2 protein chains.
Amino acid sequence: MSENIPFPVGELPHPAREELILSQVLFALSDPARLAIVSQLVEGPLDMARCYLTDPTIAKSTKSHLMRVLREAGVIRNEPKGRGRTLSLRREDLDYRFPGLLDAILSSAPSGERLDLT
Amino acid sequence: MSENIPFPVGELPHPAREELILSQVLFALSDPARLAIVSQLVEGPLDMARCYLTDPTIAKSTKSHLMRVLREAGVIRNEPKGRGRTLSLRREDLDYRFPGLLDAILSSAPSGERLDLT
DNA sequence: GAAATTGTTCGAAAATAATCGAACAATAAC
DNA sequence: GTTATTGTTCGATTATTTTCGAACAATTTC
C-alpha cells in the first residue's frame, strides 16, 4: 500500500548555489555542534558514521537533524554512499556567494572545533 | 520602597572584547532585522531613534530586544545620550577577535540591508 | 514641577527550534 | 531471503526566541 510517498530517501534536496541565503548560513553555523561538524569537513568529505559530535550522547535522529539544518542552508552536501552517507562542505558555492565568510568563521572557530590545518 | 533594584538603566552591561563568543555573534547576525541594524551602523554611531527597522510596525520593546541581543553578543555598543541612546558598531573588537568576519558578512549582506559604501 | 520623549524591563503569549524514541528505508553481509 | 548497519522521517515534548503591551526610568522641554 504505497500511499503518501514522502521522499525516496536517497537523494535529498539541496538548495542551488544561487538560492543560498546569508541569514540561513549564519544561523546554521551559529550552533557550536554544527560548526564543529563543518570544521571536520574542511579536510574533505567524510562518511557520516565517521563524523563525530562533541556530545556523544546525542540521539541519531538529532544528529540527522543537525545535518539537515546544514544541508538546507547549503553549507554541506549529503549524498548516499553504500549503506551510509557522505558529507561534504560546499566550499566553492559558499565562497562564490559569500567570499571570505567561511574562512573567517573557520579561522575564528574555537580550537576544539578546528582541525589541524598545517 | 526601593526593593529589587534590578539595574539603574543607564549604563548597560557589555561583554569585554575577550569574552566575545563566535557562536553568539553569528547568531546575533543571523537575523535579517538585526543584520540590517548593523549595516546602518557601519557608517558610524547612530541615535537609536534614527535607527530604522525594515518592519516599521514593530513594537518599541521588540526593537529594544533586538538591540539587546546585538549588545549581549558584543556586536554593538549601546550608551545613554541625552534622553535617548547612541548605538555603535564594535568594529575594532570584532575585527580583533574575528578578523575578516564582519567585512565578509557585510559585503555579502542583501542590498536592502547594506548602505552605500562608496 | 508637569508633560513629553525615548527606551528599558517585566510578564505573558506565540512562534521556532532542539531533542528524543519509534518506525521506516536502503544497502550490505550473511 | 534474513539479519545487521546506517541514517531519515514522523510525532510528541521540551527549550529557546520572538513579540507585545504595560509599567517604569531618565532626560528634556515647557
Side-chain angles (χ1 to χ4, degrees), chain A residues 1-14 23-24 26-37 45-73 76-88, chain B residues 1-14 23-24 26-37 45-73 76-88:
Chain A
M1 293 135 229
S2 63
E3 348 173 356
N4 183 21
I5 307 149
F7 237 102
V9 169
E11 289 298 339
L12 295 171
H14 291 75
S23 295
Q24 283 184 23
L26 293 178
F27 178 78
L29 297 176
S30 74
D31 177 62
R34 287 192 295 254
L35 184 52
I37 292 169
L46 211 54
D47 288 355
M48 184 162 165
R50 256 149 239 103
C51 187
Y52 298 113
L53 298 178
T54 39
D55 177 3
T57 72
I58 211 116
K60 64 176 178 176
S61 56
T62 301
K63 183 178 180 183
S64 193
H65 177 67
L66 291 174
M67 300 306 179
R68 175 198 267 255
V69 173
L70 287 168
R71 172 177 53 81
E72 290 182 340
I76 68 174
R77 216 174 283 105
N78 181 342
E79 297 168 308
K81 155 104 176 286
R83 63 182 152 185
R85 301 241 143 211
T86 295
L87 306 175
S88 56
Chain B
M1 296 129 234
S2 62
E3 348 173 356
N4 184 21
I5 308 149
F7 238 102
V9 170
E11 289 298 339
L12 294 171
H14 291 76
S23 295
Q24 284 184 21
L26 294 178
F27 178 79
L29 297 176
S30 73
D31 177 63
R34 286 192 296 254
L35 184 52
I37 291 168
L46 211 54
D47 288 355
M48 184 163 165
R50 255 148 240 103
C51 187
Y52 298 113
L53 298 179
T54 38
D55 176 2
T57 72
I58 212 116
K60 64 177 178 174
S61 56
T62 300
K63 183 178 180 184
S64 194
H65 177 67
L66 292 174
M67 299 306 179
R68 174 198 268 257
V69 174
L70 287 168
R71 172 177 54 83
E72 290 182 340
I76 68 173
R77 215 174 284 108
N78 181 342
E79 297 168 308
K81 155 106 177 285
R83 64 182 152 187
R85 301 240 144 213
T86 296
L87 305 175
S88 56

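Note on naming: letters A, B, ... go to the chains in the order of the sequence lines (proteins, then strands), and numbering restarts at 1 for each one. Because the structure is a prediction, the values reported are computed rather than measured.
- Atom CE of Met48(A) and atom C1' of dT27(C) are 16 Å apart (whole Å).
- Between His14(B) and Arg77(B), some side-chain heavy-atom pair lies under the 4.5 Å cut-off.
- Using a 4.0 Å heavy-atom criterion, one finds that Arg34(A) contacts the sugar-phosphate atoms exclusively.
- If you measure from atom CD1 of Ile58(A) to atom C1' of dC20(C), you get 10 Å, rounded to the nearest angstrom.
- The interatomic distance linking Asn78(B) (CG) with dA25(D) (C1') rounds to 15 Å, in whole Å.
- Across the protein-nucleic acid pair, Leu70(B) atom CG and dT17(D) atom C1' stand 14 Å apart, rounded to whole Å.
- Whole-Å rounding puts the Asp55(A) CG to dT19(C) P distance at 9 Å.
- Proximity of Arg68(B) to the phosphate of dT9(C): a side-chain N or O atom is located under 4.0 Å from OP1 or OP2.
- Side chain of Arg34(A) to main chain of Ala28(A): a donor-acceptor pair is present (N/O by atom type, distance under 3.5 Å, no hydrogens or angles).
- Taking only side-chain atoms of Ser64(B), from C-beta outward, the nucleotide of dT9(C), dG21(D), dT8(D) with the closest atom is dT9(C).
- Rounded to whole Å, the distance from CG on Asp31(A) to C1' on dT16(C) is 14 Å.
- For dA18(C), the OP1/OP2 oxygens have a side-chain nitrogen or oxygen of His65(A) closer than 4.0 Å.
- Atoms NZ (Lys63(B)) and C1' (dT8(C)) sit 13 Å apart, rounded to a whole Å.
- A side-chain donor-acceptor contact under 3.5 Å links Ser30(A) to the backbone of Phe27(A).
- The side chain of Lys60(B) lies closest to dG7(C), out of dT9(D), dC20(D), dG7(C).
- In this structure, of dT9(D), dC20(C), dA17(C), it is dA17(C) that holds the atom nearest to the side chain of Phe27(A).
- Taking for each of Val69(A) and Lys81(A) the nucleotide of DNA chain C with the nearest heavy atom, the 5'-most of the two is the partner of Val69(A).
- Using a 4.5 Å heavy-atom threshold, the side chains of Arg71(B) and Pro13(B) count as touching.
- Contact of the Leu66(A) side chain with the Leu53(A) side chain is registered, since non-hydrogen atoms from C-beta on lie closer than 4.5 Å.
- If you measure from atom CZ of Arg83(B) to atom C1' of dC30(D), you get 11 Å, rounded to the nearest angstrom.
- You'll find a donor-acceptor pair under 3.5 Å spanning the side chain of Ser61(B) and the base of dG21(D), going by distance alone.
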